[in-house]
Amino acid sequence: QVQLVESGGGLVQAGGSLRLSCAASGRTFGSYVMAWFRQSPGKEREFVAAIRWTGRNTYYADSVKGRFTISRDNARNTVYLQMNSLKAEDTAVYYCAAKGRDMIDYRVLSEYNYWGQGTQVTVSS
């Protein structure tokens, strides 16, 4: 069982930066694939970034590639999302998610077993 709690959201101007954190409970955090998804009003929840349990491989949606960086600290049971050069279209509730060790279908919501409650990110233009 894994419980996830996100933090770090807020209001920022376009071009600014934010760092989201996701603290996980559970002794097996290091064995999970971790990901960030986001959901804007009226839209479906979409994949943002994922990281392999080793931390050596990262994957991004095309819309955030080059601007966002996902990382993890297994000793602290925490995954991060560094967001730079933010745009108004990045405004959304950001969710942390965890799934088993394999990277199969890492972009698919239904593959993830555990979800956080979400943190709001608002980018003003």
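Keep in mind that the numbers below use all heavy atoms, side chains included, and drop hydrogens, waters and symmetry copies.
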Side chain to side chain contact (heavy atoms under 4.5 Å, CB included) with Ala98: which residues, sequence neighbours excluded?
Leu4, Tyr32, Met34, Tyr114

Suppose we screen for side chain to side chain donor-acceptor pair (under 3.5 Å). Which residues come up paired with Gln82, at least two apart in sequence or across chains?
Asn84

Residue pairs fulfilling salt bridge (Lys or Arg N to Asp or Glu O under 4.0 Å) with at least one residue in residues 62-75, sequence neighbours excluded:
Asp62-Lys65, Arg67-Asp90, Asp73-Arg76

Rounded at 0.5 Å granularity, tell me how far CE in Met83 sits from CG in Leu20.
4.0 Å

Residues 28-95 vs disulfide bond (SG atoms under 2.5 Å apart), sequence neighbours excluded, gives none

Side chain to side chain donor-acceptor pair (under 3.5 Å) partners of Ser7, counting only residues at least two apart
none

Qualifying disulfide bond (SG atoms under 2.5 Å apart) pairs with a residue from residues 75-125, counting only residues at least two apart or across chains:
Cys22-Cys96

Sequence-distant partners of Asn113, side chain to side chain donor-acceptor pair (under 3.5 Å), two or more places apart:
none

I'd like to know if the side chain of Asn57 and the backbone of Ala50 have a donor-acceptor N/O pair within less than 3.5 Å.
no

When every non-hydrogen atom of Tyr60 is compared with those of Ala49, the smallest separation belongs to CD2-CB, 3.6 Å

Check side chain to side chain contact (heavy atoms under 4.5 Å, CB included) between Ser71 and all other residues, then give those that pass, not counting sequence neighbours.
Tyr80

Suppose we screen for side chain to side chain donor-acceptor pair (under 3.5 Å). Which residues come up paired with Glu46, at least two apart in sequence or across chains?
Arg38

Given a cutoff of under 4.5 Å between side-chain heavy atoms of I, L, V, M, F, W and Y, with clusters grown through shared members, what are the other residues clustered with Tyr112?
Val33, Phe37, Phe47, Tyr59, Val93, Tyr95, Met103, Tyr106, Leu109, Trp115

Does Glu6 reach the main-chain N or O of Gln117 with its side chain, forming a donor-acceptor pair under 3.5 Å?
yes

Is it true that Trp36 and Phe68 fall in one hydrophobic cluster, defined by side-chain heavy atoms closer than 4.5 Å?
yes

List the residues meeting side chain to side chain contact (heavy atoms under 4.5 Å, CB included) with Glu89, not counting sequence neighbours, and say none if there are none.
Lys87

Whether the side chain of Thr78 engages the backbone of Ala24 through a donor-acceptor N/O pair (distance < 3.5 Å, no angle test) should be reported.
no

Answer yes or no: is there a side-chain heavy-atom contact under 4.5 Å between Thr69 and Leu81?
no

Please report, to 0.1 Å, the donor-acceptor pairs under 3.5 Å made by any side chain of residues 118-125, with sequence neighbours excluded.
residue : atom : partner : partner atom : Å
Thr119  : OG1  : Gly9    : N            : 3.2
Gln120  : NE2  : Ala92   : O            : 3.4
Gln120  : NE2  : Thr122  : OG1          : 3.3

